[in-house]
Amino acid sequence: MQFWAVIVDSFRESLDRKIFWVLIALSCLIALVMLSVGFTGDKISFFFGLWETETEFYSPVTQMGPTRLVGAVVYFFLAALLGWIGIVLIIIATAGMFPEMMRLGAIDVVLSKPISRARLFLYKYISGMVFVAVQGAFFVVLTFLVMGLRWGVWRPGYLLSVPLLVLLFSYIFCVSVYVGVKTRSTVAAILLSIGAWALFAVVHQAPQVFETFPSLKEHAAVYHTIRVISWIPPKTGDFDYLAARAAGVGTSLDVVPMPGTGEGGAMTELDRQQLAAARDVEERQLLKDPVASIGSSLLFEAVVVLMAMWSFVRRDY
Amino acid sequence: MEGLTEMTNWAVDLIDVRKTYGRTVEALRGVNIQVGRGEIFGLLGPNGAGKSTLVKIMMTVVRPTHALGTLLGRPLGHRGKLERTGYLPENHRFPHYLTGAQVLDYYGALGKVPRTRRRAKAKELLDRVWLTQWADTKVDKYSKGMLQRLGIAQALMNDPELIVLDEPTDGLDPVGRRDVRELLIELKNMGATVFLNSHMLSELEMVCDRVAILVQGLVARQGRLAQLTERAIEYRITAAKDLADAHSKLAVLGASVDGRTVRLAGDELGKVNEAIDILRERGIPIESVEPQRFSLEDILVEAMGDGAVAPAPIARPAKG
């Protein structure tokens with residue numbers, strides 16, 4: 001009863017925020033854009049048939065077409081728009097949850113109810129996911145239906161993007177909650193959680209810099225230290241690849257036709273080598289063990305959540 | 001065992017409650033307060049006396065440095081007993097995105113009130129605090145008085161045995177204040193215990209059975225309102241004619257004379273009788289003799305004037 005009360009309250013809070021409706025509108029706009037794209041044989045039409053051109057690359061009737069189509073949606077709409085801009089907006093929308101609840105006069109009423117502080121904290125934390133779960137489910141199911149009904153491409157694995165989005169958000173939300181509980185400041189929670197997200201990305205990508213430049217690998221001790229450290233923060237950068245893997249699409253390089261630098265856009269030998277090297281890096285990302293990626297990220301999240309909960313439970317209001 | 005039995009008879013039995021913020025700020029220095037079941041109890045004191053801290057400790061909002069005692073027969077801080085407790089904090093804030101009905105439903109659910117009961121109770125309470133027409137309006141449209149009435153309704157959602165109200169009439173107009181007083185008496189008649197923290201001394205005087213005065217983190221006075229206020233602050237004798245003849249004699253008693261009125265400070269009946277004798281000896285008719293009793297304000301001012309307050313003994317007033 002208490003759990004649902006907190007969840008329903010958070011949902012009502014979400015509906016009250018303009019950002020919620022901005023994101024819903026953005027999802028609808030993307031779905032509309034996708035809906036305006038149609039295929040007839042090897043032809044692709046845009047804006048409901050206003051403009052038409054030939055394509056073999058994306059045509060659902062070709063062998064690789066459906067995979068490339070879903071890949072384009074995963075990499076450019078899901079990962080780039082919802083996975084970055086959307087998550088930033090959701091962080092802004094949810095960062096005030098704990099500071100608002102902890103305001104004098106508000107927290108007094110809640111703490112006077114027969115619910116332990118630890119339980120209240122956990123319920124509120126889980127309810128913070130409601131926002132991203134609703135937004136993620138709306139976007140993913142909507143685009144899933146458009147791909148299936150409009151293009152005839154059904155990829156059930158794409159639906160796994162919803163829990164993956166919730167996971168991605170939770171990695172950053174835990175920092176937002178920790179800062180919110182410690183400072184009771186929404187602004188601090190927004191700034192520091194976005195800063196932490198950037199830091200996670202930098203730390204996580206640091207070993208790749210060493211791998212890209214072999215001369216750096218001579219500093220073996222530094223390289224191994226960085227590799228170990230890179231396992232500590234959440235693997236937010238893995239989201240694209242986990243979603244792509246779940247949807248059964250290849251690398252981002254596979255979903256966009258790469259023009260060559262040769263005459264008439266032909267691929268040169270150098271182009272092929274660079275493309276192969278870039279693809280190799282992405283393929284290694286795709287082959288990463290999702291359990292290790294998610295598990296180590298959740299471990300970090302659990303530690304931060306426990307620290308925030310401890311602070312929430314022990315303080316006076 | 002006898003002590004334990006007695007202990008559980010109190011609705012609130014606070015023993016040696018202490019709270020120190022940081023290492024040096026002693027908000028509470030060993031508070032002992034007892035509230036009988038079915039009483040309306042008033043807590044008063046100057047700003048910074050520790051009243052709100054004490055109330056927050058009772059409601060588990062603040063953790064005490066040291067505390068013994070019980071709330072509704074269970075140790076202080078026992079969460080289960082909060083199911084039977086209602087609380088209205090001072091300057092409360094409700095989520096602005098909720099309507100009045102949703103506020104009651106949300107806090108009722110947190111208070112473990114079953115859903116069907118919540119609906120019926122919310123309707124009844126909104127009606128009781130004259131907010132039925134505003135039930136589906138978001139609370140950010142409410143006036144302060146309306147929010148206060150909603151706050152009181154919120155505190156009553158779980159049919160509490162103990163209701164703790166911090167400045168319940170804050171923001172209410174005179175009619176609203178009167179209604180709150182009537183509600184408190186109604187709750188008392190239904191068997192509930194009411195613990196009031198208020199600056200409105202006149203209102204406490206009107207409804208409280210017992211009061212405690214908190215000064216500098218300690219209970220300076222505690223007892224039945226009638227007991228605390230029964231002492232006379234002065235006696236006023238009104239004569240039927242001018243008292244010029246008796247002036248010098250009355251002055252010897254320490255009385256002050258103003259026209260036809262004699263004032264005798266203190267609570268000594270012997271001096272009053274002596275003054276009456278002086279007037280009678282001179283054939284001066286007496287119209288009235290009135291004791292001027294201590295008001296709650298007088299007691300509060302007196303308690304504050306005591307300077308360094310020593311801990312008051314644990315008062316165990318007779319029940320019933």
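A, B, ... follow the sequence lines: proteins, then strands. Residue 1 opens every chain.
- Proximity to chain A at a heavy-atom threshold of 4.5 Å picks out nothing from residues 125-137 of chain B.
- Side chain of Glu83(B) to main chain of Pro114(A): no donor-acceptor pair is present (N/O by atom type, distance under 3.5 Å, no hydrogens or angles).
- Formation of a donor-acceptor pair under 3.5 Å by the Asn91(B) side chain with backbone atoms of Gly105(A) is not found in this model.
- Of the listed residues Gln102(B), Lys81(B), His78(B), the one with more heavy-atom pairs under 4.5 angstrom with chain A than any other is Gln102(B).
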Take Arg118(B) and Met1(A) through the test side-chain contact (heavy atoms from CB on, under 4.5 Å) and record every step on the way to the result. CA-CA 12 Å; Arg118(B) 285 204 304 270; Met1(A) 184 197 302; 3.7 Å; yes

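- Between Asp16(A) and Lys138(B) there is a side-chain heavy-atom pair separated by less than 4.5 Å.
- Proximity to chain A is limited to the side chain of His96(B), based on heavy atoms less than 4.5 angstrom apart.
- When the heavy atoms of residues 40-58 of chain B are compared with those of chain A, the residues falling under 4.5 Å are Lys56(B), listed by number.
- With a 4.5 Å cut-off on side-chain heavy atoms, Val109(A) and Gln154(B) count as touching.
- Pairing each heavy atom of Ser112(A) with each of Tyr87(B), the nearest pair is CB-CD2, 3.4 Å.
- Of the atoms belonging to Leu104(A), heavy atoms from both backbone and side chain fall under 4.5 Å from chain B.
- When each of Val110(A), Leu111(A), Asp108(A), Val6(A) is scored by its heavy-atom pairs under 4.5 Å with chain B, the top score falls to Asp108(A).
- Neither the backbone nor the side chain of Val164(B) comes within contact range of chain A, judged by heavy atoms closer than 4.5 Å.
- In this structure, CZ in Arg115(B) is found 11.0 Å from CH2 in Trp4(A), a value given to the nearest 0.5 Å.
- Contacts of Pro95(B) classified as side chain to side chain contact (heavy atoms under 4.5 Å, CB included), with partners at least two apart in sequence or in another chain: Asp9(A), Tyr97(B), Leu98(B), Tyr107(B).
- Heavy-atom proximity under 4.5 angstrom to chain B picks out nothing from residues 88-97 of chain A.
- Interface residue Lys19(B): only side-chain heavy atoms are found under 4.5 Å from chain A.
- When each of Arg103(A), Arg17(A), Arg315(A) is scored by its heavy-atom pairs under 4.5 Å with chain B, the top score falls to Arg103(A).
- A distance-only check finds no donor-acceptor pair linking the side chain of Arg93(B) to the backbone of Met101(A) [under 3.5 Å].
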